[in-house]
2 protein chains.
Amino acid sequence: MAGWLTFQSKYDINLKHTFQIYTTFADIMARNVEFDEDRAIQKAMEVFWRKGYGGASMRDLTDAMQINASSLYNTIGDKHQLFIKCITNYVHTRMEETLAHSSKIKSPIKAVIGLINDCVNTILYSDNHCLAIKTTFELASTDPDIKVLLKQDSDFTHGFLLKLIQQAIELKEITSDTDAETLTSFILSAFTGWHESYIIHHDPVRIKKMAKYLITQISQ
Amino acid sequence: MAGWLTFQSKYDINLKHTFQIYTTFADIMARNVEFDEDRAIQKAMEVFWRKGYGGASMRDLTDAMQINASSLYNTIGDKHQLFIKCITNYVHTRMEETLAHSSKIKSPIKAVIGLINDCVNTILYSDNHCLAIKTTFELASTDPDIKVLLKQDSDFTHGFLLKLIQQAIELKEITSDTDAETLTSFILSAFTGWHESYIIHHDPVRIKKMAKYLITQISQ
DNA sequence: ATTAATCTGAAATGTTTGTTTTAAAATTAG
DNA sequence: CTAATTTTAAAACAAACATTTCAGATTAAT
C-alpha cells in the first residue's frame, strides 16, 4: 500500500497517456498487438448475443475474447465502444450476406421467396437469436448511437427488398393493390414476429406455416 | 463497530426469520403493511418497462415504489420475485382487457379488426413498449420461470383470437385457404414486428398502412 | 396500559460492476 | 547489446449492485 499516487507518479501517468495517444500510429512501434481484433470482436458478439448488453459483464467478455481487460481498453475502448463495434460488425456482415445472395437471383419474386426462406432457416437452425432485434428492444429506445446503427441496418434491408418487390410488380410476378413500400415493411416486420414466436413456442411447423402463408399472400 | 454478529444475535435473527415465515398469515397481526402493494407493483412495472430487467436497479425500483428496500424484501421478496409479480400483473391485466373487449362484439371479423386497431393504437399512443415482447427478447431464452409466464400469456391471446377467427370462417366472413391456427399466429406475430418498426422508425403512417394491408388480406 | 409482534428507515453487508494502475515481459530500432 | 516504447497480466480501484441487519417506531390484541 505504498504511496504510488504521489504528484510525481500522477504526472508521469498523464505524460505517458498523452504520449500514447499521439504515437499510436507513429513510425516507431515497439510491439504489435498480439490478439486478432476481428476474432475478438466475433467472440464478444457471441456473448452479447447470448446475454444482452446489460447482462454481459466485462469479465464474461474478456474471458470469451481471451484477452486481458487492459488490452481491451487500450485497443478497442470501453464496454459501449466494444458493443458498437460488435453491432457494426454484425450489421455489415448481414449486408454482405444479403448482397451476396442478390448475385444469384433468377427472378425478383424468387429472390423475395428465397429471402423469406433464409429468414426461416436462421430462426430454426441458428441458436443465437437475431442480435439486431434483441438490441432494438433492449437499447434502441434509450441509446441514440445504437439506434442510428440499427436504423441504418433496417433501412438497408428495406431498400434491398423494396427493389426486388418493385421489380416483381413491374414484371407482374406480384399483382398487389398495396404499394411496394408497405409490402416491404410488412414482410420485414413479420420476420421479427417469427423470431419472438420461436423463442416462446419452439415450434418449427408454426414458423414454416406462417412463412408459407406469407409467400402465398404476396405472390397471390 | 460493536460485535453484533455474536452467536446470540445470530441465533435471534434466525429465530425471527423462521418465525416470520410461519406467522405471515397468523391470527395475531401486530401491524399491517403500510404501502399499497398493487400500486407499488404498478410503479415497479413502469420502471421495468422503461429500463428492462437488467437495466433497472433496486434503487430505481424502491424510489419509484416509494418504499424502503427492507419493506420490499419483507413483503414481495427479491428483484426476481418482484419482476415475476410485475409480469404476472401485466399479463393478467392484458387478459382482462381482452375479455372486456369480447363482451361488446358485433361480429367475429369486426372483433378481429378491432383487435388489430387496438394494437396499432397501443404502439402509437402508449409511450411504453409492450413489456411482454421486451421481456421475451431479454429473458425468455435464459429464464424458465419468465418463459412459462410469457407462454401462458401468448397461449391465452392465441386461444382468444383463434376462436374469433374460427367463428369468422364459419360465418364465411373470412374465406381463407389457410387454417385458423396459422392465421392466428400470423396476425399476432405481425404485432411484434410493428412494435419493432415503430421503435426504429417512429413512423405512424407505416404502422397504419401495415395494419390496413393485414386487414384487407385476412378479410379478402 | 401493557405486551408482543411487525413494519420501517438508515446504515452496513459482501459481491460484482466497469475501469485503471503497476510492473514486468516483449519487441523493434539504432 | 542497449535504449526506447508498447503490450500484457494481475491486482487494485471506486462505484454500484442486490441484499441484510437492527434499532426504533408503530400497531393489534389482551
Side-chain angles (χ1 to χ4, degrees), chain A residues 1-6 8-37 40 44 47 51 53-63 65-83, chain B residues 1-6 8-37 40 44 47 51 53-63 65-83:
Chain A
M1 286 285 169
W4 29 257
L5 245 166
T6 59
Q8 180 57 46
S9 65
K10 196 168 189 179
Y11 177 68
D12 286 345
I13 289 159
N14 287 339
L15 230 183
K16 189 187 172 189
H17 266 205
T18 313
F19 198 54
Q20 201 174 324
I21 290 163
Y22 288 106
T23 57
T24 298
F25 299 104
D27 297 334
I28 302 163
M29 296 267 286
R31 192 178 164 186
N32 296 323
V33 181
E34 228 170 50
F35 69 94
D36 177 356
E37 184 166 319
V47 176
K51 304 201 163 192
Y53 180 75
S57 76
M58 288 305 273
R59 278 172 186 84
D60 292 333
L61 292 162
T62 49
D63 285 355
M65 297 165 85
Q66 289 182 307
I67 60 169
N68 193 270
S70 68
S71 303
L72 176 56
Y73 279 86
N74 278 339
T75 52
I76 294 167
D78 63 14
K79 190 185 182 186
H80 194 260
Q81 289 174 277
L82 173 60
F83 189 66
Chain B
M1 288 285 170
W4 31 255
L5 245 167
T6 60
Q8 180 57 43
S9 64
K10 197 170 188 180
Y11 177 68
D12 286 345
I13 290 159
N14 288 338
L15 230 183
K16 188 185 169 188
H17 266 205
T18 314
F19 197 53
Q20 199 176 327
I21 290 162
Y22 287 102
T23 57
T24 300
F25 299 105
D27 297 334
I28 302 164
M29 294 268 287
R31 190 178 166 186
N32 296 323
V33 181
E34 227 170 50
F35 68 94
D36 178 355
E37 184 167 319
V47 175
K51 303 200 163 195
Y53 179 76
S57 76
M58 288 306 271
R59 278 189 188 84
D60 292 334
L61 292 162
T62 49
D63 284 356
M65 298 165 85
Q66 288 182 308
I67 61 170
N68 194 270
S70 69
S71 304
L72 175 57
Y73 278 87
N74 279 338
T75 53
I76 293 166
D78 63 13
K79 190 186 181 185
H80 194 260
Q81 288 174 278
L82 172 62
F83 190 66

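Quick caveat, the model's predicted, so the values are computed rather than measured.
If you check C/dG18, C/dG9, D/dA18 against the side chain of B/N68, the one that comes closest is C/dG9. Relative to the side chain of B/K79, the nucleotides D/dA18, C/dA10, C/dG18 differ in distance, and D/dA18 lies closest. Nearest to the side chain of A/D78, among C/dT8, C/dT19, D/dC17, sits C/dT19. Listed nucleotides: C/dT20, D/dT8, D/dA18. Nearest to the side chain of A/A69: C/dT20.
A straight line from CE of B/M58 to P of C/dT16 spans 17 Å, rounded to a whole angstrom. Protein atom CG of A/N74 is 12 Å distant from nucleotide atom P of D/dA9, rounded to whole Å. Here the C1' atom of nucleotide D/dT19 and the CZ atom of B/F83 are 19 Å apart, to the nearest Å. Atom CZ of A/R59 is separated from atom P of D/dA9 by 15 Å (rounded to the nearest Å). One interatomic measurement links the two molecules: CG of B/D60 to P of D/dA16, which rounds to 12 Å at whole-angstrom precision. Atom CG in B/L72 sits roughly 9 Å away from atom P in D/dT19 (whole-Å rounding). Going from atom CD1 of B/I76 over to atom P of C/dC7 covers 13 Å, rounded to whole Å. Spacing between atom CG of A/D63 and atom C1' of D/dA9 amounts to 13 Å, rounded to whole angstrom units.
Residues B/D60 and B/S57 bring a donor and an acceptor atom of their side chains to less than 3.5 Å of each other.
For B/S70 and C/dG9, the shortest distance from a side-chain N or O to OP1 or OP2 is not below 4.0 Å. For B/Y73 and D/dT19, the shortest distance from a side-chain N or O to OP1 or OP2 is below 4.0 Å.
When each of A/V47, A/L72, A/N68 is checked for a side-chain contact (heavy atoms from CB on, under 4.5 Å) with A/T62, only A/L72 meets the rule.
As judged by a 4.0 angstrom heavy-atom cut-off over every strand, A/S57 is placed among residues touching the sugar-phosphate backbone only.
Annotation: cation-pi pair A/K79/A/Y73 absent, no NZ/CZ under 6.0 Å from the ring centroid and within 45° of its normal.
From B/I76, atom CD1 reaches atom CD of B/E37 across 4.5 Å, with rounding to the nearest 0.5 Å.
The two residues A/A44 and A/L82 have their closest heavy-atom pair at CB-CD1, 4.0 Å.
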